[in-house]
Amino acid sequence: MKLKLGKIFIDDVKFGEVTKVENKTLFVNKEEMLEAIGGDEHIESIEIDITHPGDEVRITPVKDVIEPRVKVDGPGGIFPGMLSKVQTVGSGTTHALKNVAVVTAGKIVGFQEGIIDMSGPGAEYTPFSKTHNIVVVAHPIEGVKQYDHESAVRMIGFKAARYLGEVARELEADEIQEYETEPLLDSVKKYPDLPKIGYVYMLQTQGLLHDTYVYGVDAKKIVPTLLYPTEIMDGAIVSGNCVSACDKNPTYVHLNNGIIEDLYEKHGKEINFVGVIITNENVYLADKERSSDWTAKLTEFLGLDGVIVSQEGFGNPDTDLIMNCKKIEEKNIKTVIVTDEYAGRDGASQSLADADPKADAVITNGNANEVILLPPMKKIIGMTDYVDSIAGGFDGSLRADGSIEVEIQAITGATNETGFVKLTSKGY
Amino acid sequence: MDHILITNNPLVKDKYQDRTALVFLEKSYLEVLCYARGEIHKGHELLTHPLSGSIKPNETPYKSLLVTNKPKALDYRSVTMIEDSIETTKKFFSIRDRTQGLRKDLLADFQEIDYHLIKGALESANK
């Protein structure tokens, strides 16, 4: 399967009379966009705002971040099973608007969604301070249930990304990147001397506000399966996860998964990157046993020499991570696990809720308990009423001058467990 | 039915008390885990992860979990998992206890999330 990803680099975003890209500026017709994304019975009103890197702006509470993309050529459409038909995607040509993101914001549950600061010290912790953000704030009708609200805002975000992505259909890409994964037997024949490497992509699937969808299927209902990596670049996996801002994978991260990009970079040179195994992180322990058994079975079945395993979230998924690692290692396949830490404010406490001696190659993306002081911003998109209760916040977090003292777990993407972050680790 | 639902969440109690064996505790998150540890030491096996949900143990007051209903020989995996979870919970509480004095709407949200987490597990358990 081969995908050409055409990147269109955007330098600025403005409201305008016609939604289009001109001289690297994306113009957005607000009324037309509202028309394209509105209409959900659970939503009373929607506001759209634009903010840029360096602005003294704070966006909170952030639900999802999504990159606008459009399928230009090849089967299927973007976000299959959610917005497009369920046809298999990942081949042909897709265009992406780079340096731009749709951010959905607004209270769903009063405490979990994250913060994006567009400037100041907090901006250093989130990759989404570097994108021009089209922020969609959806206000629910009175008395809406949390799951209806989450579903409505989730779909509004995808529709917004599809609406904006559509302008890229006729544009010439500034850069085209090709990604190709051949059928297993062909790739093994082609690269007989390279180690066969797979990626075990763990998806957050614990329940309400902790969900991920694959081709529209609630991933807690799946058994582990195989995907071509390029399917994920076309939106085969989307986020319904609102919880734990620092280490949830927004849809933007699924579309731009850095582990997949890096494995492709080395594909055919140092390694043979044969594909992605997706698995889930359920609450019921028998589900965990089944999924980790099947994940290990698939790594063996594919004849892999090594596997990278990334997790999403905190606590319960630590157990899935360790189960996957242990069972794959027991097949004599080497693993590297990718995670983050809740190691206390001084970083000295036990980092994960589970552990095993076989997990001897670990990449951490930071300590989510680290505390940061976010200075006041000139403008708030969304609301800060709930900051005292946000994950990583506490009573008195929001100060009278508008500054906020929080753990970095409150910042969207701060310790993302696919490495889509700026934090790194050093050994001394 | 081969499980017992242990919870301190009044919403879970309302939803399941007529349908499933249930122990309702008017106790804290940590005390629910400690009660479950006692049951595990009596030979009940853990059926759900004690740290279900990405909401941190020092944020939500609510916890629901499932154990087997008939005690058998001590299950060491359950012992390790509940001990690790209690240790993790204590670590978060040593940073700050945020579960006291929460507003009513936040309590309702936390109850709803805990309910949906255990609902998914019960759907798996009742297959």
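Naming convention: chains lettered A, B, ... in sequence-line order (proteins, then strands); numbering from 1 in each chain.
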Flag the pair A/I404 / A/T60 as yes when at least one side-chain heavy-atom distance between them is below 4.5 Å, and no otherwise.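 Not in contact.
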
Atom group of B/Y115 that falls short of 4.5 Å from chain A, counting heavy atoms: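 Interface part for B/Y115: neither.
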
Who passes ring-ring contact (aromatic ring centres under 6.0 Å, His included) against A/Y201, sequence neighbours left out?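 Expected list: A/Y199, A/H254.
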
I need the residue from A/A286, A/A353, A/G313 with the largest number of non-hydrogen atom pairs under 4.5 Å to chain B.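 The option with the most such pairs is A/A353.
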
Find out whether A/P224 and A/S291 are in side-chain contact, i.e. whether some heavy atom of one side chain is under 4.5 Å from a heavy atom of the other.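 In contact.
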
B/K119: partners by salt bridge (Lys or Arg N to Asp or Glu O under 4.0 Å), with sequence neighbours left out: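 Counting only residues at least two positions away or on another chain, B/K119 forms no salt bridge (Lys or Arg N to Asp or Glu O under 4.0 Å).
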
Give the interface residues of residues 30-53 of chain B toward chain A, defined by a heavy-atom separation under 4.5 Å.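 If one takes a 4.5 Å heavy-atom cut-off, the residues of residues 30-53 of chain B near chain A are B/L46, B/L47, B/T48, B/H49, B/L51, B/S52, B/G53.
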
Measuring heavy-atom distances to chain B, does A/N282 have an atom under 4.5 Å in its side chain, in its backbone, in both, or in neither?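 No part of it gets close to chain B.
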
Does NZ or CZ of B/K56 fall inside the cone over A/F314's six-membered ring, less than 6.0 Å from its centre and within 45° of the axis?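 Yes, B/K56 sits over the ring of A/F314.
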
Which bit of B/E123 comes within less than 4.5 Å of chain A, counting heavy atoms only: side chain, backbone, both or neither?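 Only the side chain of B/E123 comes within 4.5 Å of chain A.
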
Quick one: which of B/S94, B/G120, B/S124 has the most heavy-atom pairs under 4.5 Å with chain A, could you say?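 Between B/S94, B/G120, B/S124, the count favours B/S124.
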
Partner chain A: residue of B/I95, B/T88, B/L65 with the largest heavy-atom pair count (under 4.5 Å):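 Winner by heavy-atom pair count: B/I95.
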
Report yes if the side chains of B/I55 and B/Y62 come closer than 4.5 Å at any heavy-atom pair, otherwise no.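 B/I55 does not reach B/Y62 side chain to side chain.
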
Quick check for you: among B/D84, B/L66, B/T80, which has the greatest number of heavy-atom pairs under 4.5 Å with chain A?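 With the most close heavy-atom pairs to chain A, the winner is B/D84.
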
I'd like to know if A/D293 and A/K327 make a salt bridge, using a cut-off of under 4.0 Å between side-chain N and carboxylate O.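 A salt bridge is present here (some side-chain N lies under 4.0 Å from a carboxylate O).
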
Between A/E289 and chain B, with a heavy-atom cut-off of 4.5 Å, which part of the residue counts as in contact: side chain, backbone, both or neither?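 For A/E289, side-chain heavy atoms alone lie under 4.5 Å from chain B.
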
Residue pair B/I113 / A/H210, side-chain heavy-atom distance below 4.5 Å: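 Contact flag for B/I113/A/H210 side chains = yes.
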
A/N241 versus chain B, the contacting section by heavy-atom distance below 4.5 Å: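 Neither part; nothing is under 4.5 Å.
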
According to ring-ring contact (aromatic ring centres under 6.0 Å, His included), who are the partners of B/H116, at least two apart in sequence or on a separate chain?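 Listed in chain order: A/Y147.
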
Given the options A/K145, A/K221, A/E281, which has more heavy-atom pairs under 4.5 Å with chain B than any of the others?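 Greatest number of close heavy-atom pairs with chain B: A/K145.
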
Under the criterion side-chain hydrogen bond (donor to acceptor under 3.5 Å, both in side chains), I'd like the reasoning laid out for A/Q146 against B/D109: C-alpha separation, chi angles, the key distance, then a yes or no. CA-CA 8 Å; A/Q146 292 93 330; B/D109 277 351; 2.6 Å; yes

Looking at A/D356 and A/K358, does any basic side-chain N land under 4.0 Å from a carboxylate oxygen?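 No.
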
Chain B contact via A/E312 - which portion, at a heavy-atom distance below 4.5 Å: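 The answer is neither part of A/E312.
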
